[in-house]
Amino acid sequence: MSGVTLALDLLLGLSLVWLAWRTLASPTLFGAIVLFIAFGLLMALVWARLDAPDIALAEAAVGAGLTGVLLLAALADLQQGDNLLPVREPLRGWLLQLILALCALGLFTLLTLALLGLPSPPPSLAGQVLPRLDGAGASHPVTAVLLDFRAWDTLLEIAVLLLAVVAAWSLGSHPHPNPRIVGSEVLQGLVRVLLPFAVLSAGYLVWRGGFAPGGAFQAGTVLAAAGILLLLSGLGRPFNGRHWLWRALLASGLFIFTGVALGTLLLGGGALDYPAGLGYGLILAIELGLTLTIGLTFIALYAGEQDAAEERE
Amino acid sequence: MNMALWFTLVGAALAAIALHAFFSRRHPLRRLIALNIMGSGIFLVLIGLARLYPGTLPDPVPHAMVLTGIVVAVSATAFGLVLLRRLARLGRGET
Amino acid sequence: MILALLATVLIGAGLIFFIAGTLGLLRFPDVLCRIHALTKADNIGLGLVAAGLALLGGSWAVAFKLLLIWLLVMAAGTTAAQLVAGHSQAEDER
Amino acid sequence: MNTLLLAAALLLLLTILAGLWRVVRGPTAADRMLAAQLFGTSGVGTLLLLAEAWQQPALRDVALIFALLAVLALVAFVRLRHEGAE
């Protein structure tokens, strides 16, 4: 390891901890959100350093785009009128502070001890995954784990995402964040340039996922970011959440996934046990559905649902 | 020092700082951010573990887990923000 | 060899622009000046770095992707500058 | 060559950290947001350099995603902030 690499590692690690501290200690909420966005960027660089390009891709889409915009939209909403969000009194008393500091220190110590107590070499499933890649529907190990070996987990994850939308809808409507008109012409010009590239990149990431870092998660987040950009620029109109087509598209990932599971079950194999030769096609179909579901889920959580009264207007 | 071990320690530190902030800060938006940073710290520990020994290939299973974790964390954050906005509207006496 | 030398020069020049932009961000007195420093320096800096890397990349596909990334950053960066400038002007006039 | 590329990446990382100082200090919200935009550009540069140095072509895709989405938060800031507050 050269000195430059060592300096890079030290700088990345230390600045990550410093940034987390500044984010959490920021005097204003807005400052905390902007610092958190910067935190996402540094995290993406760390994932790159740790040979985890899949996660770096997801972090780039989530940290740089999605989380920041969701937080800013919520902040804009909270700052409307008087902020009447019930906020409890901050912690008082040195004893409580001490206990809290000890808890945090305890967590750090426990994690460190657990790390140092690991057997050498540490337990790893790489030895079980890598030899089976030939028979799997995807040659990229992470995709193979997500959509072949542990496809059940991913199926349930998509169900959880849909559940979040259903739960959000069941709370009644929250107002759609109304964009201001400032600078809309320039912005709309930009969106007209970026949007095709964003959709193209999403497709590219799904296709890459079969054999290289990429896949439905990253593609779905890019799609969601593109959709939110469309809404923010005023080019896209808030949609009617009750429309059947919108709901069908939202659930398409789960439908396709469940359909494949039932199909493979009927064919005599186990559920999601892809027949030889069909694995690649089936995984691609599932991933396209997942991309749609993930993208639309985040757009739905951002945009909220329109009031029934507003719809009639 | 081993590079992956260094980053797992960074992850543990992040989780500890965020845990502290989660309980000492009271604004819900700050708590959501703290929760997200805590998650990042834990993910960092997992991925650091996956390539702790440079000779072996990185273990793809934690990578898949963290990928799932990131997506679930964002959707949980988004849902938390929906709850917050609802709470604020109730506070203003709107329905 | 000549290619590597040229790439080094291009990347080095790009870095100088990045550093200049950052200095502007830190030292210039108000928002509009800082926008001025950032957008020019960073876009040229990234362009030079990308050009240098395209020479090293060794394939047309890589060079094309680098060009695409640079164009996207430029489109987004210039629009962002315009938006922030308009925004802070609107804030000032209020 | 590799060491040179890594040194360049290190330098860009330093400019990101310098920009962070502007985010922490402000003074205006526009300043903070603008500095965050700078990380986008420097981050793209860093990722491209690392992709070449470590021979990880996937990092170029990460840079591509950054190039596409880094502007999103800034757009949200310009369009949504202080909505109805005046």
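These figures come from a predicted structure and were not determined experimentally. Within every chain, numbering begins at 1; the chains are lettered A, B, ... in the order of the sequence lines, protein sequences first and strands thereafter.
- Residues from residues 15-25 of chain A that place a non-hydrogen atom less than 4.5 Å from a non-hydrogen atom of chain D comprise A/S15, A/W18, A/L19, A/R22, given in numerical order.
- Separating the CG atom in D/L17 from the CG atom in A/L11 is a distance of 5.0 Å, to the nearest 0.5 Å.
- Here A/L41 is the residue among A/T67, A/V222, A/L41, A/L12 with the most heavy-atom pairs under 4.5 Å with chain D.
- Chain D forms the most heavy-atom pairs under 4.5 Å with one residue out of A/G68, A/P53, A/G40, and that residue is A/P53.
- The only member of A/T291, A/V206, A/L205 that meets side-chain contact (heavy atoms from CB on, under 4.5 Å) when paired with A/L223 is A/T291.
- Only the side chain of D/L50 comes within less than 4.5 Å of a heavy atom in chain A; its backbone stays farther off.
- Using a 4.5 Å cut-off between heavy atoms, D/L6 touches chain A through backbone and side chain atoms alike.
- Here the closest non-hydrogen pair linking A/S201 and D/L64 is OG-CD2, 4.0 Å.
- In this structure, CG in A/L50 is found 11.5 Å from CG in A/L45, a value given to the nearest 0.5 Å.
- When each of D/L47, D/L59, D/L13, D/V71 is checked for heavy-atom pairs under 4.5 Å with chain A, D/L13 comes out on top.
- Of the atoms belonging to A/S26, not a single heavy atom falls under 4.5 Å from chain D.
- Interface remark: D/L10 contributes backbone and side-chain atoms alike to the contact with chain A (heavy atom separation under 4.5 Å).
- When heavy atoms are compared at a cutoff of 4.5 Å, A/L190 approaches chain D solely by way of its side chain, counted from C-beta outward.
- Put simply, CG on D/L11 and OG on D/S42 are 10.0 Å apart, with the number rounded to the nearest 0.5 Å.
- Residues D/V24 and A/L35 approach most closely at CG2-CD2, 4.1 Å, considering heavy atoms.
- Interatomic distance, CG of A/L229 versus CG of D/L68, reported as 9.5 Å (0.5 Å rounding).
- At a 4.5 Å heavy-atom cutoff, the contact between A/L42 and chain D is made by side-chain atoms alone.
- Using a 4.5 Å cut-off between heavy atoms, D/I16 touches chain A through its side chain atoms alone.
- For A/D51, the parts lying near chain D are the backbone and the side chain together; criterion is any non-hydrogen pair under 4.5 Å.
- Residue with the most contacts toward chain A among D/N2, D/T3, D/L20: D/L20 (heavy-atom pairs, distance under 4.5 Å).
- Of the atoms belonging to A/L8, heavy atoms from both backbone and side chain fall under 4.5 Å from chain D.
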**Study point:** Test log, rule side-chain contact (heavy atoms from CB on, under 4.5 Å), inputs A/L66 and A/I228
**Key:** CA-CA 9 Å; A/L66 209 52; A/I228 293 175; 3.8 Å; yes
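- Note that CD1 of A/I37 and CZ of D/R32 are 12.5 Å apart. Values are rounded to the nearest 0.5 Å.
- Screening residues 58-76 of chain D for side-chain hydrogen bond (donor to acceptor under 3.5 Å, both in side chains) gives A/Y204-D/D61, C/K65-D/D61, D/E52-D/R60 as the qualifying pairs, with residues at least two apart or on separate chains.
- A distance of 10.5 Å separates CG in D/L49 from CG in D/L4, rounded to the nearest 0.5 Å.
- Counting only distance, with no hydrogens or angles, the side chain of A/T293 and the backbone of A/L290 share no donor-acceptor pair below 3.5 Å.
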